[in-house]
Amino acid sequence: MSAFPSRLAIYAGPKAVQNESKEIFKWPVVTAEDEAAVLEVLRRGGMSDTDVTQQFEKEFAAWQGVKYALGCNTGTAALHCAMFGCKIGVGDEIICPSITYWASALPCFSLGATVVFADIDPNTLCIDPSDIEHRITERTKAIIVVHYLGHPAEMEPILDIAARHNLKVIEDVSHAQGGLYKGKKVGTFGDVAAMSLMSGKSFAIGEAGILATNDLEIYERGIAFGHYSRFGEQIQTESLKPYIRLPLGGFKYRMHQLSSAMGRVQLKYYDQRCEEIRRAMNYFWDLLENVPGIKAHRTHRDSGSNMGGWYAARGIYLPEELGGLSIHRFVEAVRAEGTECSPGANKPLHLHPLLNTCDIYGHGKPTRIANSTRDLRQPYGSLPISEKIGTLTYSIPWFKKYLPDIIEQHAHAYRKVAENYKELLKDDPGNPPDLGGWHFYRQG
Ligand SMILES: *Cc1c(COP(=O)(O)O)cnc(C)c1O
């Protein structure tokens, strides 16, 4: 790395990243095979059928390693079906990390249920297993686990808590499709997994989502809730049989077949493409090992766990190793070097007004506590790690290809800034109060 220039670009030095590469970031990879599959459906007018989707479900379930998969039009819909599948209903509580995309939690409101947020672990950025148990009440029905930014959550202690308290576990795998926890695929640990397959995710096939489970009743309740055209005589769950043909939820959640056609093709190459992503991302982090202020957000090498498709890659910021340099100034300097970097991730959900004051359904009180016997809202100060997410993390480039020369330039941008932090302290304006966003996709 010594061949690289060291004067910071923010002080008129040469940029660390000299070669732009669109190729390394391009995603999803769309080939003539995807195009042919989509065109076949389009030309025969099969967009609203379910034949291709049911093929995709079979292949997806086999790949995931579960008995049943149910294709939905969004990840949000798949999570909604999973919650209904687990019989989450009026007055029930779910426990969910505050740092996640809103759809991990919010669909519970329309079921008459509510959410209690748990804090995250500052290293994994996933739900902190030691912050769950004291939040369980006689109304708690399920724990929502999010494998956040590709990092698998600590499933062993979570499953142990769930078993002891007879709770369902719903895995939101929207950030980690195909990832491993201790050698086993994420999405196969809980009672049901639900995930987004929308264009911004690592498994990206348009607007789509999928539910995966070994539990026939959860699967059939998912069908009954939002898939009326498939809710017929073949249903085996007795309690559902009287209601076939109409959707119990009053929702229509069918997957668009232009997406499932693309999904069948993407699935064939997904593992191999993710392997290249992990090779590239691990190389980036290896280059930054032991650089002060910067810590990888990744699994340990010999743990049998991995980062899946490394969705929305981020690093952990350690300002105490950089004389207290603000993350704001840090990312400004990194960006000046010609690479991706912005502070924060999803903002803590427990602080948003929707979770505190909004009366969505006209209950005459906030929906969060509309069916509760206690005020379970969580004010500022109640989830300290989640509340610091804006200064704890920053985005890093999400490489899709192993191109060492390009990756080295981006890593050098980070190293250069960390090594020259003292210069940056001189004109550090400090952090603004608000960092990060409510969602990542083309957000304003
Ligand atoms: C994207 C996402 C969802 C929702 O998926 P959509 O397909 O956008 O509805 C749910 N949970 C998490 C964690 C997500 O990132």
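Counting convention: from 1, in listed order, for ligands and their atoms alike. Counting begins at 1 with the first residue of the sequence.
Of all protein heavy atoms, the one lying nearest to atom 7 (O) of ligand 1 is Ser196 OG, 2.6 Å. Scanning all protein heavy atoms for the shortest distance to atom 3 (C) of ligand 1 gives Tyr101 CD2, 3.2 Å. Scanning the protein for heavy atoms near atom 15 (O) of ligand 1, the closest one is His175 NE2, 2.7 Å.
The shortest N/O to N/O separation between Met198 and ligand 1 does not fall below 3.5 Å. Among the atoms of Tyr311, none of the N or O lies under 3.5 angstrom from an N or O of ligand 1. Below 3.5 Å of separation, one finds an N or O of Asp172 facing an N or O of ligand 1. Any N or O atom pair closer than 3.5 Å counts here, and Lys201 shares at least one such pair with ligand 1.
For Phe251 and His80, the ring centers are positioned less than 6.0 Å apart.
Contacts with ligand 1 closer than 4.0 Å are made by backbone heavy atoms (N, CA, C, O) of Ala208 only, the side chain lying farther away. Both the backbone and the side chain of Thr76 come within 4.0 Å of ligand 1, counting heavy atoms alone.
Between the side chains of His175 and Asp172, no donor-acceptor pair of N or O atoms lies under 3.5 Å. Looking at Ser342 and Ser395, their side chains do bring a donor and an acceptor atom within 3.5 Å of each other. Side-chain polar atoms of Glu57 and Tyr68 form no donor-acceptor pair below 3.5 angstrom.
Below 4.0 Å from some heavy atom of Ala103 lie the following atoms of ligand 1, by number and element: 4 (C), 10 (C). For ligand 1, the atoms lying closer than 4.0 Å to a non-hydrogen atom of Thr100 are 13 (C). Every atom of ligand 1 with a heavy atom of Ser174 under 4.0 Å away is listed here by number and element: 2 (C), 3 (C), 10 (C), 11 (N), 12 (C), 13 (C), 14 (C), 15 (O). Of all the atoms in ligand 1, the ones that sit under 4.0 Å from a non-hydrogen atom of Gly75 are 5 (O), 6 (P), 7 (O), 9 (O).
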For a side chain to side chain contact (heavy atoms under 4.5 Å, CB included) check, start with the C-alpha distance between Arg254 and Thr50, then their side-chain angles and the critical distance, and finish with the verdict. CA-CA 8 Å; Arg254 181 192 303 161; Thr50 62; 4.2 Å; yes

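The closest approach between Gly200 and ligand 1 stays at or above 4.0 Å for every heavy atom of the residue.
Thr393 pairs by the side-chain hydrogen bond (donor to acceptor under 3.5 Å, both in side chains) definition with nothing, not counting sequence neighbours.
A cation-pi arrangement is present between Lys185 and Trp63 under the rule of less than 6.0 angstrom and at most 45 degrees off the ring axis. The cationic atom of Arg298 (NZ for Lys, CZ for Arg) does not lie both less than 6.0 Å from the six-membered ring centre of Tyr283 and within 45° of the ring axis.
For the side chain to side chain donor-acceptor pair (under 3.5 Å) with His350, the lone residue among Arg368, Arg377, Glu387 that qualifies is Glu387.
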